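Read the structure below first, then the notes.
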Number of protein chains: 2
Amino acid sequence: MLEWLKEPETNFPEQITAGFEHGVCVGQIQAKAGLTQSTVSEYLSILQRAGFIESTRVGQWTYYKRNESAFEALSKLIQSNL
Amino acid sequence: MLEWLKEPETNFPEQITAGFEHGVCVGQIQAKAGLTQSTVSEYLSILQRAGFIESTRVGQWTYYKRNESAFEALSKLIQSNL
DNA sequence: CAAATATATCGACTTTTCTCGATATGTGAA
DNA sequence: TTCACATATCGAGAAAAGTCGATATATTTG
């Protein structure tokens, strides 16, 4: 999912109309993941709590997009601490 | 354990006599970890299979040391793929 | 070879994580 | 306000990971 969100345009073409400013909505990710709605929702919320993605509620949809700084921080953490 | 193995001299002073060319032996790591011998042994073998540490058998002892290239590779993998 | 020491492996149990269906919450449209 | 849709949360069962004691293997010493 994290890799998918790197290039929303290519990985979620169904969502072109809505744009990608706030990321991709849960339904699109769920369809692509092939898991149930509840599983995907919970997984996304875990990633959000961990800081790797951010969510934006727009009407009835929740959009998720990557927080690149978290990935840089993780990479640096591995370099320095591990 | 992986962090301990970054600085064997400071983290495993009991082993000075044997030297650290091949790393630290299982018994020292176990004592410091506070886990049973079997748990530590299995854990180390998992880390070895994953490529993060290397083992050298010297007599009845098995020494483990870090494989730094694996950590660099992981950091780069996160940078590029994730 | 027998005993002692160091490590590895095995089987069982416990804990955690994964995944789901059911249900609750929130939003927009009629 | 009622219905339909999108997402979140909850509780339970399944799968995986963690941990242990017992035992096996390997090595050194007497």
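Computed from a predicted structure; not experimentally measured.
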Contacts of Ser38(B) that satisfy side-chain hydrogen bond (donor to acceptor under 3.5 Å, both in side chains) - sequence neighbours left out: Thr36(B)
Nucleic acid contacts - residues 5-17 of chain A versus DNA chain D, non-hydrogen atoms under 4.0 Å: none
Near-strand residues of residues 26-34 of chain B, defined as heavy-atom separation under 4.0 angstrom from DNA chain D: none
Salt bridge (Lys or Arg N to Asp or Glu O under 4.0 Å) involving Glu21(A) - partner list, sequence neighbours excluded: none
For Phe71(A), all residues meeting ring pair (Phe, Tyr, Trp, His ring centres under 6.0 Å), sequence neighbours excluded: Phe52(A)
Within residues 51-67 of chain A: residues closer than 4.0 Å to DNA chain D (heavy atoms): Gln60(A), Trp61(A), Thr62(A), Tyr64(A)
Hydrophobic cluster (4.5 angstrom, side-chain heavy atoms) - remaining members for Tyr63(B): Val58(B), Trp61(B)
Where chain A begins and ends its contact with DNA chain C, read 5' to 3' at 4.0 Å from heavy atoms: dT19(C) to dG28(C)
Salt bridge (Lys or Arg N to Asp or Glu O under 4.0 Å) partners for Glu9(B), two or more places apart: none
Please list every donor-acceptor pair under 3.5 Å in which a side-chain atom of residues 42-49 of chain B meets a protein atom from a residue at least two apart or in another chain.
| unit_1 | atom_1 | unit_2 | atom_2 | d |
| --- | --- | --- | --- | --- |
| Ser45(B) | OG | Glu42(B) | O | 2.9 |
| Ser45(B) | OG | Arg49(B) | NH2 | 3.0 |
| Gln48(B) | NE2 | Ser55(B) | OG | 2.8 |

Only distances under 3.5 Å count here; give the side-chain donor-acceptor pairs of residues 72-80 of chain A to other protein atoms, sequence neighbours excluded, each with its distance to 0.1 Å.
| unit_1 | atom_1 | unit_2 | atom_2 | d |
| --- | --- | --- | --- | --- |
| Ser75(A) | OG | Ser75(B) | O | 3.2 |
| Ser75(A) | OG | Ser75(B) | OG | 3.0 |
| Ser75(A) | OG | Gln79(B) | NE2 | 3.3 |
| Gln79(A) | NE2 | Ser75(B) | OG | 3.3 |
| Ser80(A) | OG | Lys76(A) | O | 2.9 |

Expected list for residues 23-33 of chain A: side-chain donor-acceptor pairs under 3.5 angstrom, two or more places apart:
| unit_1 | atom_1 | unit_2 | atom_2 | d |
| --- | --- | --- | --- | --- |
| Gln30(A) | NE2 | Leu35(A) | O | 3.1 |
| Lys32(A) | NZ | Asn11(A) | O | 3.1 |

